[in-house]
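A quick write-up on the structure given underneath.
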Amino acid sequence: MEIYEELVARGLVAQVTDEPEIRELINSGKAVFYIGFDPTADSLHVGHFMALCLMKRLQMAGNRPVVLIGGGTGYIGDPSGRSDMRSVMTPETIQHNCDCFLHQMERFIDFGEGKAIMVNNADWLLKLNYVDLLRDVGACFSVNNMLRAECYKQRMEKGLSFLEFNYMIMQSYDFYHLYQHYGCNMQFGGDDQWSNMLSGTDLIRRKLGENAYAMTITLLMNAEGKKMGKTANGAVWLDPNKTSPFEFYQYWRNVGDNDVLKCIRMLTFLPVEEIDKMDSWEGSQLNRAKEILAFELTKLVHGEDEAARAEETSRGLFAGGGNTEHMPTTALTDAQFDGDTIGVLNLLVACGLCASNGEARRLVQQGGILANDKKVEEIGATFSKSDFAGEGLLLKKGKKSYHRVTL
RNA sequence: GGGGGAAUUCCCGAGUGGCCAAAGGGGACAGACUGUAAAUCUGCUGUCUACGACUUCGGUGGUUCGAAUCCACCUUCCCCCA
């Protein structure tokens, strides 16, 4: 199976500007393609992960990836799919985020000699002169068309600043620049980027009379139509310090039945034929599929060792057994004890399982707290130092949160 | 530049002098049921030394016995006219 066909089979292809041309281009390994990453945080997250995988797949098929870091566009902020304006970031923050991105990407993409290259659009965007830019490309953009673009739709009601309106022009300019300087003939991106990308191919056609191509990948949505990779606490990060490998594993271990196969197909590197066989799985087999998904992705992001460890910990906790080795642990100090004892409420807050005393109180009252597998019945319950000796005390909040407390 | 409107707890959104820690919904969390899924039902959702106390309704001052509610100024946003 050739690469284009594989992308289709995995359900990754959302929209393309010219299917026959694009198929030919990437199947023959002649594409020099770019994907842009805006440095809006100090770590990549699951959304970026899809793009990284895509780059990797295309690179394996002989194409040349160009990673574009949006150090310049970061000054503006992409309004696509947003209902409010991004807060403006300081140049220092942007630079810091760019550095973090680079570090994480090296894990996925081969930046060796003659392989992938990384560029930062700050290098050319920040040098632009307003009037020159207007004269150069301004005439190529139709405000009428821009206003019709899907990515601005939501903002037409809530308000859109001129600053953000220009994002599309900057992104188009990037493509135009990369086309001229790096022979970049293709752009990939999330489906929400479609209008921005089209305007880039348009610009190249108008300015140079040549064809460049664009293709978007399907956004990873769950069965409820929400973007995946978000939790109540924010994004699922690739940085192990922001989302631990265990949490990362658990996120995928817990996806809904209807989403498992889709995720395996789109995100893992398992052969398509193998995945096709899993299509008929149901019931407990789906539960197995979730393990595969979680393991494969954790392996890609954090390495095989971490993946195995997360899996082991997970099985230990949920399937019985007592592997407490890798769960979050808090060591108490004498100061946290009242004499020889500590109350449950204080204990829960001390180890970060609860944000406040009140929350702890509620949890206990509702029967959501277990200490060494015994339900804590009273909010006045106390533990003495001997309870934390040795392996420590295993606290369980609800069904999925575990915490080990030692001295 | 002129005129009008808005800012409420995680989000949406009621509340227009005391009965307001603030309706309702969503989300989150917990319980039951389960497969670490979904659906459903129940509880719960400011803080605390907890049947009471304290701090919150964009910001700063003011009026009042008493303010989320009234007044002044400021900040931000939206709409209409130019």
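Chain letters run A, B, ... following the sequence lines, proteins first and then strands; every chain starts at 1. Only a predicted model underlies this, so the values are computations on that prediction, with no experimental measurement involved.
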NA contact type, [X], heavy-atom cut-off 4.0 Å: base, sugar-phosphate, or nothing?
X	answer
A:V255	sugar-phosphate
A:R253	base
A:Q250	base
A:G358	base
A:S356	sugar-phosphate

Could you tell me how far [M] sits from [N] if I compare only their [atom1] atoms? Round to whole Å.
N	M	atom1	value
B:rC44	B:rU63	C1'	40 Å
B:rC70	B:rG26	P	30 Å
B:rA67	B:rU60	P	15 Å
B:rA22	B:rU45	C1'	14 Å
B:rG61	B:rA68	P	15 Å
B:rA14	B:rA6	P	11 Å
B:rU16	B:rC65	P	23 Å
B:rC51	B:rC57	P	26 Å

Item to check | Opposite nucleotide pairing with B:rG43, Watson-Crick or G-U, both atom distances under 3.5 Å | outcome: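 Across all strands, the one nucleotide that pairs with B:rG43 is B:rC29.
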Checklist entry - Who is the Watson-Crick or G-U wobble partner of B:rU9, with both distances under 3.5 Å? => result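 Here B:rU9 is not engaged in any pair, so there is no nucleotide opposite it.
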Next on the checklist: Quick one, A:K262 with A:D259, criterion salt bridge (charged side-chain N to carboxylate O under 4.0 Å, His left out). Give me CA distance, side-chain angles, the key distance, then yes/no.
Outcome noted: CA-CA 5 Å; A:K262 183 170 58 192; A:D259 301 317; 3.5 Å; yes
To the nearest Å, how far apart are [X] [atom1] and [N] [atom2]?
X	N	atom1	atom2	value
A:E291	B:rU36	CD	P	11 Å
A:L348	B:rU47	CG	P	14 Å
A:K397	B:rU36	NZ	C1'	15 Å
A:D257	B:rA39	CG	C1'	11 Å
A:R362	B:rU45	CZ	P	5 Å
A:E311	B:rU36	CD	C1'	13 Å
A:W252	B:rA37	CH2	P	16 Å
A:E359	B:rC44	CD	C1'	11 Å

Do any side-chain nitrogens or oxygens of [X] fall under 4.0 Å of OP1 or OP2 in [N]?
X	N	answer
A:R361	B:rG46	no
A:N357	B:rA50	no
A:K400	B:rA28	no

Residues [X] and [Y] bridged, charged N to O under 4.0 Å:
X	Y	answer
A:R315	A:E291	yes
A:K56	A:D110	no
A:R265	A:D276	yes

Checklist entry - Does A:S199 reach the main-chain N or O of A:S172 with its side chain, forming a donor-acceptor pair under 3.5 Å? => result no
Checklist entry - Quick one: does A:N287's side chain have a donor or acceptor within less than 3.5 Å of a partner on A:G283's backbone? => result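 Flag not set: sc A:N287 to bb A:G283 has no pair under 3.5 Å.
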Next on the checklist: Using heavy-atom distances to pick each residue's nearest nucleotide on RNA chain B, tell me which of A:S284 and A:N258 is more 5'.
Outcome noted: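 On the 5' side of the pair lies A:S284.
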Checklist entry - How do A:A355 and A:L370 order along RNA chain B: which one's closest nucleotide is nearer the 5' end? => result A:L370
Nearest to the side chain of [X] - [options]?
X	options	value
A:L363	B:rG35, B:rU36, B:rA30	B:rA30
A:Q366	B:rU36, B:rC33, B:rC44	B:rC44
A:K399	B:rG31, B:rU45, B:rU36	B:rG31

Next on the checklist: For B:rC79, does the O4'-C1'-N9-C4 or O4'-C1'-N1-C2 angle fall within 90° of 0, making it syn, or is it anti?
Outcome noted: anti
Next on the checklist: If the test is side chain to side chain contact (heavy atoms under 4.5 Å, CB included), which one of A:V32, A:I26, A:T17 qualifies with A:M186?
Outcome noted: A:I26
